[in-house]
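Letters A, B, ... are given to chains in the order of the sequence lines, protein chains preceding strands, and every chain is numbered from 1. Note that this is a predicted model, so its numbers are computed, not measured.
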Amino acid sequence: MKKILYNDMQFSVEPSGDRWDITYTLPNNATAVVAAGLFAGLPESEAGARALALIKTIFPVGIKSVGPDVLHPNTIGDLKIVGPDVTHPNFIYWDKDSVSCPKAL
Amino acid sequence: MEIKGSVALVTGGGNGIGEAVVKYLSSRGAKVAVVDMVQKNIDRVVAEVKAAGGEAVGIQANVTSEADTARYIKGTIEAFGQLNIAVSCAGIIRDGTMLSLDKETGKVSKKLDFAKWQAVIDTNLSGTFLTMRDAAEAMVNGGWEGLLVPISSVNKVGQVGQINYSSAKVADALMPKIIVGEFLMRGIRKIRCVAIAPGYTATPMLTGMNQDALKAILEDVHLGRLVAPEEIASLIGYIVENQALNATTIEITGGLCYPKGIAK
Ligand SMILES: NC(=O)c1ccc[n+]([C@@H]2O[C@H](COP(=O)([O-])OP(=O)(O)OC[C@H]3O[C@@H](n4cnc5c(N)ncnc54)[C@H](O)[C@@H]3O)[C@@H](O)[C@H]2O)c1
């Protein structure tokens, strides 16, 4: 299993047969799914690199999801998602590291 | 176009019709991006796709946001290398008549909240537009064969109590004519657009409703039951594989009629 700390979020890339699953830890320590069954046949190093590229795209620096309270029975009306900060220089196109994301990644 | 080996993106893929579309396409060999606002539903659907041997990426996003749309289109391509099918199932209802009257005075006691109008137009119309626009952009720039599927509703004919919903859904139903016409004008030949207009469908939203109201609805359905989400999913699968279906909106209602038997 490969752990990736990116933009203060903890991701795991785990093998599942010859494929890879990606999950991340929510602020309440619950686990959420990013992807399942990807990168068939790739070794851990390559799968890890592909996973990091995918994570950077899905969670660009500057994005902020507040909530949702996923346990609330009334899921739609009570959801609050604060949109991404589209003016952030790292939004969508990753060409500069954030303070919390070291260059080594 | 073959489903097997294609890449599909389904907004609202965490529940109801969208979930059925995700599972149908995945079970036939498509790689699928599940886009939804609710992470716990994404988790469940992606886990079920995985358990069935499929490949899926889940992207929590709000379809009404232009930036989110760019993010989930790019994320899908990052995960699977291409995009071929975009189905816009994310949708909401916020029903109410435009005016309500006070029974005693006969004067207006309440107006439909503008927020209720706006939320439905934003999600069901602007959200669908953004997904269709950006998916088409990616397909053209990637040189991939594609299919765009806006989800309309049989209530596009104009349902009382749903001025917001019906207005959005009639516009969604028009999209295939306009989009394909523009594609022809611009020489874009590899991408089709076909909308679906479901009738009353057995999603959690409907099956959980007042059972008497549900019974009353079913009296006007020739089929005598709600449409199953899987039936809509298999129709979409058929459209993927039948290239002649294009620039049109297909109703799938089980034969929904107005009271006294006039087909809606
Ligand atoms: N169920 C029916 O009888 C019926 C009939 C005709 C048309 N439709 C249409 O089919 C589509 C799916 O309906 P359903 O019954 O499956 O609904 P549903 O409520 O079961 O699922 C809709 C999904 O969309 C998601 N969603 C809502 N707003 C979103 C947003 N802004 N961004 C991202 N995701 C969002 C929700 O989280 C949910 O998972 C809708 O467009 C609906 O209008 C449904």
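By the side chain to side chain contact (heavy atoms under 4.5 Å, CB included) test, B:Glu241 is found to be paired with B:Ile3, residues two or more places apart in sequence or in another chain being considered.
Within a 6.0 Å sphere centred on CD of B:Glu66, other residues, nucleotides and ligands contribute 12 heavy atoms or fewer.
For a heavy-atom cut-off of 4.5 Å, chain A lies close to B:Lys50, B:Gly54, B:Glu55, B:Ala56, B:Val57 in residues 47-57 of chain B.
Among all heavy-atom pairs drawn from B:Asp43 and A:Thr31, the shortest one is OD2-O, 3.6 Å. Nearest approach of B:Val46 to A:Ala35, heavy atoms of both residues: CG1-C, 4.4 Å.
Neither the backbone nor the side chain of B:Tyr72 comes within contact range of chain A; no heavy atoms are under 4.5 Å apart.
Applying the side-chain hydrogen bond (donor to acceptor under 3.5 Å, both in side chains) test to every pair with at least one member in residues 76-86 of chain B, sequence neighbours left out, gives these pairs: A:Thr57-B:Glu78, B:Gln82-B:Asn84.
Listed options A:Asp21, A:Ile55, A:Thr23 were ranked by heavy-atom pairs under 4.5 angstrom with chain B; first place goes to A:Asp21.
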Tell me which donor-acceptor pairs under 3.5 Å the side chains of residues 25-32 of chain B have, and how far apart each pair is, sequence neighbours excluded?
residue, atom, partner, partner atom, Å
B:Ser27, OG, B:Lys23, O, 3.2
B:Ser27, OG, B:Tyr24, O, 2.7
B:Arg28, NE, B:Tyr24, OH, 3.2

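With rounding to the nearest 0.5 Å, the separation of CD1 in B:Ile59 from CG in A:Leu54 is 7.0 Å.
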